[in-house]
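Written below as structure tokens is the structure these notes are about.
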Amino acid sequence: KKIKKEKHGEKRKHEVEQDVKQKKEPEDKWKWWEEKDNAKDSGVKWKFLEHKGPVFAPPYEPLPKTVQFKYDGKPMKLSLEAEEVMTFYAKMLDHEYTSKNDFNKNFFGDWRKVMTKEEKSIISDLGKCNFRDVCTYFQQKTEERKARSKAEKLEEKQKNEALVEEFGFCDWDGHREKIGNFRLEPPGLFRGRGNHPKMGKLKKRIIPEDITINCSKNSVAPKPPPGHKWKEVRHDNQVTWLVSWTENIQNQNKYIMLNPSSRVKGEKDWQKYEIARNLKTKVDRIREDYMRDLKSSEMMIRQRAVALYFIDKLALRAGNEKEDGESADTVGCCSLRCEHIKLHKQLDGKDFIVEFDFLGKDSIRYYNKVPVLKQVFKNLVLFTENKEGGDDLFDRLNTSTLNKYLNSLMEGLTAKVFRTYNASITLQNQLLELTDPDDENVSSKILSYNRANRAVAVLCNHQRAAPKNFSEQMGRMNDKVGNCGFNGIFSVDYLCLVHAILDSAEIFHYSRRHVTNGWHKKQADIRDAKQEAKSAKSDYKHNKSEGKRKLYEAKKKKIERLQEQLIKLEVQATDKAKNKEIALGTSKLNYLDPRITVAWCKKYAIPIEKCYNKTQRDKFAWAIAMVDESYVF
DNA sequence: AGGTAAACTTAGAAAACTACTT
DNA sequence: AAGTAGTTTTCTAAGTTTACCT
């Protein structure tokens with residue numbers, strides 16, 4: 001439908017409305033990138049900073065008497081604090097977390113800490129607790145909230161807008177800038193990712209006495225709520241945060257900082273891409289260096305060379321050491337252990353294959369079989385000799401020494417710059433390769449863009465949980481195309497391809513081959529159309545009239561049209577299937593130089609809205625304003 | 001040099017919202 | 001009005017790098 005309407009140059013209803021909204025919005029945003037003295041690099045982050053402080057989480061509302069927690073089958077009224085913590089668990093009752101042992105153990109331990117003596121003596125077994133009624137109560141409340149009248153919803157919306165007006169902005173060097181997270185995190189149960197040893201622990205309510213305020217000496221400092229005091233008010237212009245506190249699970253500092261659309265964030269982002277572009281000019285030399293170092297007589301240098309090879313080729317993260325037992329067991333490059341790789345001298349007819357299998361950031365699995373240089377392979381054999389699976393692969397290396405070395409090669413160079421550089425350069429190359437300048441169709445251009453974006457997401461291993469009901473949705477889509485059984489083909493072989501995918505031609509051929517192996521409704525239509533064309537042709541041969549000729553021409557046109565439609569449907573289905581477990585957003589937001597996208601849009605007259613939504617346009621306003629189609633990363 | 005804390009970027013999940021159907 | 005699929009926004013955990021200390 002979308003394609004059809006675009007073809008006819010129509011705008012969809014919501015797009016028209018969006019345009020109207022945009023016109024209404026006054027264009028008085030500060031164009032900081034037009035100022036002359038951008039990106040100066042003294043440690044001073046601001047000269048003047050004034051804000052209203054954080055918004056505290058709403059206070060706990062006790063349960064109505066009718067809603068009862070039960071212990072051992074009997075209703076039990078709890079003290080206020082114990083009740084509050086109980087509701088945290090009740091709200092998560094249907095979540096997978098509550099089936100995990102660590103979660104339950106940690107929750108129960110922390111819950112008991114807030115119980116009264118009597119409560120503690122009674123409630124000794126989580127298994128005897130019945131949270132069901134409480135859970136149902138909160139579910140009902142959400143339903144009620146959803147079902148409120150329009151007027152009620154509007155009223156709340158306006159109240160919220162007023163709150164944002166007051167607390168959501170600050171004065172930063174005379175400019176009104178948007179704050180990112182001005183609401184403090186509410187109390188609840190800690191939801192660690194993966195196998196986190198602290199999952200289920202109680203995240204305490206933050207009170208003013210926990211809060212450090214940072215603002216100008218000569219500003220009007222935010223007031224603590226009546227009867228309370230801030231922990232501290234400081235005036236540190238070397239940092240960018242407005243509010244900080246220490247979180248009680250890991251004992252780490254958390255901050256309130258500005259929104260990505262702000263100058264301070266935007267400039268930093270811009271600078272990040274400039275450093276990555278600088279790496280582009282140095283990378284050949286750096287690669288030569290680490291190739292040479294693969295044979296170094298010093299073990300640390302050899303390890304560094306291999307690590308760098310991985311970071312560059314596979315876009316691995318640096319991999320800091322982690323204190324064990326404090327968080328999930330995840331690794332990056334420098335913290336890889338022997339058990340995370342398997343060495344195959346030969347595999348599937350290829351030489352020197354390294355099979356990676358480890359959990360990375362957020363416990364996302366990285367699985368990949370990669371052919372490596374012979375010398376890299378030899379080194380890996382050497383590094384793993386006489387070691388146990390649990391031993392460090394790079395025992396002479398850590399992120400600190402690696403980054404020190406990188407910094408000596410180029411100012412500002414650290415391990416993560418390679419991810420930024422490789423992501424951005426890949427997007428640029430892929431766009432060049434995948435965009436068909438002769439194809440006028442906007443939606444096919446967008447598909448090319450998404451495909452290029454996907455190559456990057458695959459490179460960076462940005463995954464997501466498959467959407468709920470994915471297979472049904474896919475099924476419906478396939479019905480339209482009418483093709484059978486291509487779903488399985490994709491998911492099975494897919495991961496094996498994943499990292500070879502930088503060669504996009506391969507993706508394309510791969511997907512086409514498999515899709516067209518199926519049986520299509522559309523294909524049946526085409527077969528019918530061909531039949532019709534054939535008979536029209538023979539009609540025309542028997543009776544060489546102008547009318548018959550035209551009829552025959554029309555039939556031929558119809559075949560072409562159907563074939564075009566078929567390709568579009570295939571491509572859409574392919575896109576959806578391939579996106580099943582790949583998240584495009586992270587790379588778009590954090591790794592891809594926005595100027596590449598902006599330049600590409602300008603070159604092919606694609607509206608920027610097709611690539612970036614409102615938030616993204618705000619974040620990348622600097623890039624949108626400053627670049628034309630000639631920009632090269 | 002190496003350990004630790006602070007500051008800041010990157011990350012996927014979940015909630016909220018939107019457009020459209022039923 | 002309720003349901004649903006798709007998209008955007010929010011949330012906050014989990015990384016990296018820098019700063020600081022001994």
Side-chain angles (χ1 to χ4, degrees), chain A residues 1-2 12-15 17-18 43 45 92 95-97 142-143 145-147 149-150 153 157 160 180-186 188 190-194 196 198-199 203 212 214 236 238-241 244 246-247 249-255 257-260 264-265 268-269 272 317-323 326-328 330-335 359-364 398-404 406-407 412-417 419-420 423 457 460-465 467-470 472-473 476-477 576 579 581-587 589-591 612-616 618:
Chain A
K1 217 187 239 172
K2 210 167 180 176
R12 301 173 81 202
K13 203 173 135 206
H14 74 274
E15 282 176 342
E17 277 167 12
Q18 202 180 31
K45 304 288 166 49
M92 291 178 74
H95 199 286
E96 205 198 328
Y97 272 116
T142 356
E143 290 303 310
R145 249 182 66 82
K146 263 192 225 155
S149 71
K150 263 204 171 138
K153 281 184 183 168
K157 198 179 167 197
N160 185 46
N181 55 328
F182 60 91
R183 278 175 234 263
L184 292 174
E185 297 170 16
F190 177 72
R191 295 153 94 115
R193 309 270 175 109
H196 196 118
K198 298 195 172 181
M199 63 168 79
K203 225 175 82 158
T212 301
N214 191 36
D236 183 354
Q238 307 275 109
V239 296
T240 67
W241 54 267
S244 78
T246 304
E247 147 276 342
I249 303 288
Q250 328 243 30
N251 231 267
Q252 283 168 355
N253 287 352
K254 295 215 172 185
Y255 306 91
M257 290 181 185
L258 295 197
N259 184 276
V264 70
K265 294 287 183 192
K268 198 76 191 296
D269 210 38
K272 173 180 79 184
R317 296 188 184 83
N320 289 293
E321 301 94 310
K322 301 168 82 184
E323 222 179 317
E326 293 295 301
S327 59
T330 62
V331 297
C333 184
C334 293
S335 50
L359 297 183
K361 182 177 180 179
D362 292 312
S363 294
I364 297 294
N398 60 44
T399 53
S400 163
T401 55
L402 178 65
N403 277 335
K404 244 171 222 154
L406 290 175
N407 204 252
L413 187 61
T414 61
K416 85 185 185 70
V417 179
R419 260 168 93 82
T420 313
C460 294
N461 200 225
H462 289 144
Q463 297 187 242
R464 60 168 189 176
K468 278 244 165 73
N469 310 319
F470 181 85
E472 291 103 89
Q473 283 173 35
R476 234 166 294 144
M477 193 130 192
K576 190 178 170 72
N579 268 345
E581 290 173 308
I582 300 176
L584 301 187
T586 303
S587 51
L589 218 57
N590 299 300
Y591 288 102
Y612 289 145
N613 66 33
K614 180 72 166 52
T615 322
Q616 293 162 164
D618 282 347

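Numbered from 1 within each chain, the chains take letters A, B, ... in sequence-line order.
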> Looking at residues at least two apart in the chain, or sitting in another chain, which of them share a ring pair (Phe, Tyr, Trp, His ring centres under 6.0 Å) with A/Tyr591?
Replying inline: A/His462
Report all interatomic pairs (protein N or O, nucleotide N or O of nucleotides 6-8 of chain B) with separations under 3.5 Å.
from: B/dA7; atom 1: OP1; to: A/Trp241; atom 2: NE1; distance (Å): 3.4
from: B/dA7; atom 1: OP2; to: A/Trp241; atom 2: NE1; distance (Å): 3.4
from: B/dA7; atom 1: OP2; to: A/Tyr255; atom 2: OH; distance (Å): 2.7
from: B/dC8; atom 1: OP1; to: A/Lys45; atom 2: NZ; distance (Å): 3.2
from: B/dC8; atom 1: OP2; to: A/Thr240; atom 2: N; distance (Å): 3.1
from: B/dC8; atom 1: OP2; to: A/Thr240; atom 2: OG1; distance (Å): 3.1

> Does a nitrogen or oxygen in the side chain of A/His462 sit under 4.0 Å from OP1 or OP2 of B/dT10?
Replying inline: no
> Residues in salt bridge (charged side-chain N to carboxylate O under 4.0 Å, His left out) with A/Glu323, at least two apart?
Replying inline: none
> A/Glu247 has an atom CD; how far is it from atom P of C/dT12, in whole Å?
Replying inline: 12 Å
> Between the two ends of the helix from B/dA1-C/dT22 to B/dT22-C/dA1, what is the bend in degrees, rounded to 10 degrees, where each end axis spans five pairs?
Replying inline: 10°
>> What is the separation between atom CD on A/Glu96 and atom P on B/dA14, rounded to the nearest whole Å?
In response: 9 Å
> Under 3.5 Å, is there a donor-acceptor pair between the A/Ser335 and A/Lys322 side chains?
Replying inline: no
> Under the 3.5 Å rule, do the base of B/dT10 and the side chain of A/Lys361 count as making a donor-acceptor pair?
Replying inline: yes
> Between C/dT16, C/dA14, C/dC11, which nucleotide has the shortest distance from any of its atoms to the side chain of A/His196?
Replying inline: C/dA14
>> Test of understanding: with side chain to side chain contact (heavy atoms under 4.5 Å, CB included), list the residues that count as partners of A/Asn613, not counting sequence neighbours.
In response: A/Thr615, A/Gln616
> What integer distance in Å separates A/Asp362:CG from B/dT10:C1'?
Replying inline: 9 Å
> How would you list, by chain and number, every residue that makes a ring pair (Phe, Tyr, Trp, His ring centres under 6.0 Å) with A/Phe190, sequence neighbours excluded?
Replying inline: A/His196
> Checking A/Asn590 side chain against A/Thr420 main chain: does a donor-acceptor pair fall under 3.5 Å?
Replying inline: no
>> I need the NZ-C1' distance between A/Lys254 and C/dT10, as an integer number of Å.
In response: 14 Å
> For A/Gly319, which contact category applies under a 4.0 Å heavy-atom criterion: base, sugar-phosphate, or nothing?
Replying inline: sugar-phosphate
>> Which residues pass the side chain to side chain contact (heavy atoms under 4.5 Å, CB included) test with A/Thr240, not counting sequence neighbours?
In response: A/Lys45, A/Trp172, A/Met257, A/Val264
> Where the side chain of A/Phe190 is defined as all heavy atoms beyond and including C-beta, which of C/dA14, C/dG15, B/dG12 is the nearest nucleotide?
Replying inline: C/dA14
>> What is the distance, to the nearest angstrom, from the NZ atom on A/Lys153 to the P atom on B/dC17?
In response: 9 Å
> Which residue, A/Ser587 or A/Thr401, contacts DNA chain B at a nucleotide closer to its 5' end, judged by nearest heavy atom?
Replying inline: A/Thr401
> Mapping A/Val264 and A/Ala583 to their closest nucleotides on DNA chain B, which lands nearer the 5' end?
Replying inline: A/Val264
>> I'd like to check A/Cys334 versus A/Leu402 (side-chain heavy atoms, cut-off strictly below 4.5 Å). Are they in contact?
In response: yes
>> Expressed as a whole number of angstroms, how long is the span from A/Gln250:CD to B/dA5:P?
In response: 13 Å
> Taking the side chain of A/Pro186 as its heavy atoms from C-beta onward, which of B/dA11, B/dA14, C/dT12 lies nearest to it?
Replying inline: C/dT12
>> Run the salt bridge (charged side-chain N to carboxylate O under 4.0 Å, His left out) test against A/Lys157 and tell me which residues pass, sequence neighbours left out.
In response: none
>> Going by salt bridge (charged side-chain N to carboxylate O under 4.0 Å, His left out), name the residues that satisfy it together with A/Glu326, two or more places apart in sequence or in a different chain.
In response: A/Lys198
>> How would you summarise protein contacts on nucleotides 17-22 of chain C per nucleotide, using B for base, S for sugar-phosphate only and - for none, with heavy-atom distances below 4.0 Å?
In response: B-----
>> Under 4.0 Å, heavy atoms only, any strand: does A/Gly360 hit a base, just the sugar-phosphate, or nothing?
In response: sugar-phosphate
>> In this structure, how many angstroms lie between the P atom of C/dG3 and the CD atom of A/Glu143, rounded?
In response: 8 Å
> Side-chain donor-acceptor pair under 3.5 Å between A/Asn253 and A/Ser244, yes or no?
Replying inline: no
>> Side chain of A/Arg419, heavy atoms from C-beta onward: which of C/dA14, C/dC11, B/dA11 has the nearest atom to it?
In response: B/dA11
> Does A/Lys153 have any side chain to side chain contact (heavy atoms under 4.5 Å, CB included) partners at least two apart in sequence or in another chain, and if so, which?
Replying inline: A/Arg148
> Roughly how many Å is it from CD in A/Glu321 to P in B/dG2, rounded to a whole number?
Replying inline: 10 Å
> Within the structure shown, what part of the strands sits under 4.0 Å from A/Lys203 by heavy-atom distance: base, sugar-phosphate, or nothing?
Replying inline: sugar-phosphate
> With sequence neighbours excluded, what pairs up with A/Cys333 under the side chain to side chain contact (heavy atoms under 4.5 Å, CB included) test?
Replying inline: A/Ala307, A/Phe310, A/Ile311, A/Leu316, A/Phe394
> Choosing from B/dT10, B/dA13, C/dA13, which nucleotide comes nearest the side chain of A/Ala465?
Replying inline: B/dA13
